[in-house]
Chemist: 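What follows is a single structure, and I will ask about it in a moment.
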There are 2 protein chains.
Amino acid sequence: MALGKDYAHQQCSIARALEIVGERWTLLVVRDAFYGVRRYSDFLAHLGAPRAVLAARLQALVDAGVLDRRRYRESPPRDEYVLTARGLALWPVLWALGAWGRAELPGTLPMRHFHHADCGTELGPLGECPACRAPVAPADIEMRPGTGLDPDPADPVGRALLAPRRLLVPLDPTGA
Amino acid sequence: MALGKDYAHQQCSIARALEIVGERWTLLVVRDAFYGVRRYSDFLAHLGAPRAVLAARLQALVDAGVLDRRRYRESPPRDEYVLTARGLALWPVLWALGAWGRAELPGTLPMRHFHHADCGTELGPLGECPACRAPVAPADIEMRPGTGLDPDPADPVGRALLAPRRLLVPLDPTGA
DNA sequence: CTCGTCGGTTCGGTGATTGAACCATGACTC
DNA sequence: GAGTCATGGTTCAATCACCGAACCGACGAG
C-alpha cells in the first residue's frame, strides 16, 4: 500500500500504527505468529497468501521490529520468524478485532475459545480473566477449538491448530 | 481489496472482521466518525483520501451496518454518516491500535489525550478509567490535544479538532 | 441567469496483488 | 555422483485497486 507516503500527514497514533500493520495480510501473519506459526512454509500453507506477498510482509514486519528473524538450524540453514516484545504488544489489537467479529458479525459459530491457562477460566470481552480480574498475557492463554471450526482443514497447519494449545508455543505441523 | 473473496476460507473472527474494516482508509473513516465527523466533505478534508475511495468506503460501511446514513436536511437534501451500535463497538479496536502506536512506535510526542469525562482522569492503557476502575464508553470520553499535534492544520476539520471535545459530538467546522 | 457548494461519478495513469512458474541451496537416496 | 525432494524464496505477466484531476447534477444565493 505504501502507506507511509499517504498516511504521513496524519497526526494520529492510529494512522501510524496502520502504516505498519494496516496492509493486507499483515495482521493475519501476526495472528498466526501468536498461534505458534514460525516458518515461511507454514505461514504460506495456513494463510493462502501469494508467496511474494508473504515474503514482503515478513520482511516489512522484521524491518518494523514486530518480528525477529533468527537462525534455528545451520545445516541446512533455516530461519524462523518470532514475535518481538513490540509484536507481543499487538495482542490487544488482535483480541479487540476478534471480539468485535465474534460479537457483531452474525451467523457464525464460535471458532476458537481462549482461556486463562492458570485457572482455566474463559477470557472476558476485554481479554481479561474474569476470575483473576486481571489482564492475561498471551503466553498465559490457552486456545481451544470451537464448534464453528472446520474439523478437517486441508492444510497441515490448520490441522495442527485444532488441538488445544497455548499461544506462542512453536507449531510443528509434522508432529500432529 | 475484495477481501471477501480471499479471506473467506479463513476460519477466524479476526479475518472476518478484517474483511469489513481491513481495507485501506476504512479504520480512519471510523476513527473520524468517533471524533464527530459526519459529512462527506469533512471526511474528505480531514483524511485526504481520493473522493472515489471515500465514497466506496462509506457505502461499504453502511452496507456492513457500521455506519448509518440518514437525512438531516431536506432542502437541499443532505445526508450524514453516523456510527451504529455495531460501529460504536469498534472503539476497543481503535483504542488498541492507538495505544500500540503510542507505546511502541518511537520518536513522536503524544498527539491526543483521552480522559474520562465524568471525573477527568486520563484513561489507562486498556481504555479504562484508573480512578473508577471501569471501562469507559466512547460517549463518556473527552479528547484533549497533545503536544505532538500540529497547532495550525491546513484543513478546517483539523482545526476544529484542536479544541477539547467529547467523542461522538457532531463536528461543525464552520463554527470553529 | 450565473455563481458557488455539496456530494458524488468518471476517467486515464500508476502502483500493488495475484497465481504460476522458476530457481538456489542443501539433504537424502540409490 | 546423478536424481529427487523440501525449503524459502524470486521473477513474471495479468489483473485489480488506488490515485489525482476533471466532470456532473441538484440546489440555493445573489
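Reminder, nothing fancy here: chain letters follow the sequence lines and each chain counts from 1.
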Chemist: Please confirm whether the shortest side-chain N or O distance from A:Arg38 to OP1 or OP2 of D:dG8 is below 4.0 Å.
Modeler: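 For D:dG8, OP1/OP2 do not have a side-chain N/O of A:Arg38 under 4.0 Å.
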
Chemist: Under 3.5 Å, is there a donor-acceptor pair between the side chain of B:Arg165 and the main chain of B:Tyr35?
Modeler: yes

Chemist: What nucleotide, of D:dC18, C:dG8, D:dG8, holds the atom closest to the side chain of B:Tyr40?
Modeler: C:dG8

Chemist: Just to confirm, is there a sub-4.0 Å distance from OP1 or OP2 of D:dA17 to any side-chain nitrogen or oxygen of B:Trp25?
Modeler: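 It does not, given that no N or O in the side chain of B:Trp25 lies less than 4.0 Å from OP1 or OP2 of D:dA17.
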
Chemist: Is any side-chain N or O of A:Ser41 closer than 4.0 Å to OP1 or OP2 of D:dG8?
Modeler: yes

Chemist: I'd like to know if A:Arg51 reaches the base of D:dG8 with its side chain, counting only an N/O donor and acceptor under 3.5 Å.
Modeler: yes

Chemist: A:Arg39 has a side chain; which of D:dT7, C:dG7, D:dG20 sits nearest to it?
Modeler: D:dT7

Chemist: For the residue pair A:Phe34 and A:Trp91, categorise the inter-ring angle as parallel (less than 30°), tilted (30 to 60°) or perpendicular (more than 60°).
Modeler: tilted

Chemist: When you get a sec, tell me which of C:dG8, C:dT18, D:dG9 is the closest nucleotide to the side chain of A:Arg24?
Modeler: C:dT18

Chemist: Between P on D:dG9 and CG on A:Leu54, what's the gap in Å once rounded to a whole number?
Modeler: 8 Å

Chemist: Looking only at side-chain N and O atoms, does A:Arg78 come under 4.0 Å of OP1 or OP2 in C:dT25?
Modeler: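 No.
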
Chemist: Starting from the 5' end of DNA chain C, give me the residue, A:Pro76 or B:Asp42, whose nearest nucleotide shows up first.
Modeler: B:Asp42

Chemist: Can you check whether A:Tyr81 has a side-chain N or O nearer than 4.0 Å to OP1 or OP2 of D:dG9?
Modeler: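 Looking at the OP1 and OP2 atoms of D:dG9, one of them is under 4.0 Å from a side-chain N or O of A:Tyr81.
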
Chemist: Tell me: CG of A:Leu28 to P of C:dT17, nearest whole Å?
Modeler: 14 Å

Chemist: Which residue lies toward the 5' end of DNA chain D, A:Ala52 or A:Asp79, if each is placed at its nearest nucleotide?
Modeler: A:Asp79

Chemist: Mind calculating the distance between CD (B:Glu80) and P (C:dG8) to the nearest angstrom?
Modeler: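 Distance, rounded to whole Å: 12 Å.
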
Chemist: Report the distance from atom CG of B:Asp32 to atom CG of B:Leu171, rounding to the nearest 0.5 Å.
Modeler: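 If I round to the nearest 0.5 Å, the distance is 9.0 Å.
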
Chemist: Tell me the interatomic distance from B:Leu58, atom CG, to C:dC6, atom P, rounded to whole angstroms.
Modeler: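 Going from B:Leu58 (CG) to C:dC6 (P), I get 16 Å.
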
Chemist: Expressed as a whole number of angstroms, how long is the span from B:Phe43:CZ to C:dC6:C1'?
Modeler: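 My rounded result for the distance is 15 Å.
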
Chemist: Using whole Å, report how far CZ of A:Arg73 lies from P of D:dT7.
Modeler: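 About 9 Å, once rounded to whole Å.
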
Chemist: Is any side-chain N or O of B:Tyr72 closer than 4.0 Å to OP1 or OP2 of C:dC6?
Modeler: no

Chemist: For side-chain contact (heavy atoms from CB on, under 4.5 Å), just list the numbers for B:Tyr81 and B:Asp68, CA-CA rounded to whole Å, side-chain angles, deciding distance to a tenth of an Å, and then say yes or no.
Modeler: CA-CA 5 Å; B:Tyr81 298 90; B:Asp68 185 28; over 6 Å; no

Chemist: Could you tell me whether the side chain of A:Glu128 reaches within less than 4.5 Å of the side chain of A:Arg133, counting heavy atoms only?
Modeler: no

Chemist: Let me know the distance between CG of B:Leu44 and P of C:dG7, rounded to the nearest Å.
Modeler: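 That distance rounds to 10 Å.
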
Chemist: Under 4.0 Å between a side-chain N/O of B:Arg57 and OP1 or OP2 of D:dC18, yes or no?
Modeler: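 Affirmative; the distance criterion is met.
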
Chemist: Would you say A:Arg38 and A:Asp42 make side-chain contact, with heavy atoms under 4.5 Å?
Modeler: no

Chemist: Separation of A:Arg71 atom CZ from C:dG26 atom C1', in whole Å?
Modeler: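 The distance from CZ of A:Arg71 to C1' of C:dG26 comes to 12 Å, rounded to the nearest Å.
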
